[in-house]
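Taking it in order: structure first as structure tokens, then the write-up.
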Protein chains: 2
Amino acid sequence: MNNYSKQREAILDVMKENRTHPTAEEIYKLVLEKESQISKSTVYRNINILVDLGKIRKLNMTVGPDRYDYLYKEHSHAICEKCGKIFDFYYDIDKDKISNELLKQIEKNIDINSIIIYGICEDCKSKNKE
Amino acid sequence: MNNYSKQREAILDVMKENRTHPTAEEIYKLVLEKESQISKSTVYRNINILVDLGKIRKLNMTVGPDRYDYLYKEHSHAICEKCGKIFDFYYDIDKDKISNELLKQIEKNIDINSIIIYGICEDCKSKNKE
DNA sequence: CTTTAAATTAGGAATAATTCCTAATTTTGG
DNA sequence: CCAAAATTAGGAATTATTCCTAATTTAAAG
């Protein structure tokens, strides 16, 4: 891996400027809008590389295509399983995990990258009642 | 929704007997093995219904197709993003959330169904070093 | 600055997972 | 038993993502 290319750089720029948790498709369009020529396969390939490098994070969605987020600051996500809405929250894993006996146990098995909370948001709950 | 059908019942049975976090494809095969005739679209449709009813839980995977788990007891999951291995752990959201200020905040926005921890397991970590 | 090797790209084909469609069958409730 | 509602099978369609290859870009060495 050379670890440099115009396209890879453009994707990372887009991710830095965009805190909207875009899908691969959206990233593709955002890069095109900017200036840069890019193909969709290049977007997917580089997204995966950037995830591996730990520059961006993949958000596994229940509804719709997966989303991505730039790691601008330590934070976690709560995702509505009905509508896909994403809430950022600043639950610092590193700080909190020390206090939690169970998380300590997990860390023997796995090197934690992220915690995602899945649930149903207020809007979807009230829609259901109607 | 009538809330009953042989096929829906068979899927739920398979999920009860199987604590292996099967994919939709695997559920399909398990139902066929048992006895029951079923089509793949029926499997997918009923899986979604059972998720909605809160009988089973969807595990959004980073690698490979999504998996499902019967809600036999309150537990959460840690998933390796490289190989897809799943660790069950008995972190009781309900007990723990009371003690955590930040989780309380989230609960104002979202009705928590599950917490999934994503990371890299020991095996994958050591493979990477080789 | 060339030259060469390695990495990356575009673009489309291929694959994989899931949803959608419709006519036939099953289930429910009176 | 009958009619209405729900569900099914089976395949087509769709969606998201990965894979393939020849051409281009980047890096590194002389």
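Each chain gets a letter, A, B and so on, in the order the sequences are listed, and its residues count up from 1.
- For the pair B:Asn109 and A:Phe89, the minimum side-chain heavy-atom distance is 4.5 Å or more.
- The phosphate of C:dT9 (OP1 or OP2) has a side-chain N or O of A:Asn46 nearer than 4.0 angstrom.
- What separates CE of B:Met61 from C1' of C:dA17 is a distance of 14 Å, to the nearest Å.
- Between B:Lys6 atom NZ and C:dT28 atom C1' the separation is 15 Å, expressed in whole Å.
- Counting only heavy atoms from C-beta outward, the side chains of A:Asn60 and A:Tyr118 approach each other to under 4.5 Å.
- Computed from coordinates, the B:Asn48 CG to D:dA6 P distance equals 18 Å when rounded to whole Å.
- Between A:Glu26 atom CD and D:dA16 atom P the separation is 10 Å, expressed in whole Å.
- By the 4.5 Å heavy-atom criterion applied to side chains, A:Ile79 and A:Val63 are not counted as neighbours.
- Side chain of A:Arg67 to backbone of A:Leu59: no donor-acceptor contact under 3.5 angstrom is found.
- Put simply, CD on B:Glu25 is 15 Å from C1' on C:dT19, counting in whole angstrom units.
- Ring planes of A:His77 and A:His75: perpendicular class, angle over 60° (limits at 30 and 60°).
- For A:Arg19 and A:Asp88, the salt-bridge test fails: no basic side-chain N is under 4.0 Å from an acidic carboxylate O.
- For A:Ser5, no side-chain nitrogen or oxygen approaches OP1 or OP2 of C:dA7 to under 4.0 Å.
- For the pairing with A:Lys58, the salt bridge (Lys or Arg N to Asp or Glu O under 4.0 Å) check across A:Asp52, A:Asp66, A:Asp69 returns one residue only, A:Asp66.
- Each end of the helix from C:dC1-D:dG30 to C:dG30-D:dC1 gets its own rotation axis from five pairs of C1' atoms, and the angle between them is 50° to the nearest 10 degrees.
- Remark: A:Ser5 pairs with A:Gln7, A:Arg8 by the side chain to side chain contact (heavy atoms under 4.5 Å, CB included) rule, at least two apart or across chains.
- Distance OH (B:Tyr44) to C1' (D:dA16): 13 Å, rounded to an integer number of Å.
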Where protein sits on nucleotides 10-16 of chain C, one letter per nucleotide: B base, S sugar-phosphate only, - none, heavy atoms under 4.0 Å:
BBB----
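- Rounded to whole Å, the distance from CG on B:Leu12 to P on D:dT7 is 15 Å.
- One can place CG of B:Asp52 at 11 Å from P of C:dT19, the figure rounded to the nearest angstrom.
- Taking side-chain N and O atoms only, B:Tyr4 has no distance below 4.0 Å to OP1 or OP2 of C:dT27.
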B:Glu122 vs B:Lys125, test: salt bridge (charged side-chain N to carboxylate O under 4.0 Å, His left out). Steps then yes/no.
CA-CA 5 Å; B:Glu122 281 302 333; B:Lys125 251 193 292 179; 3.3 Å; yes
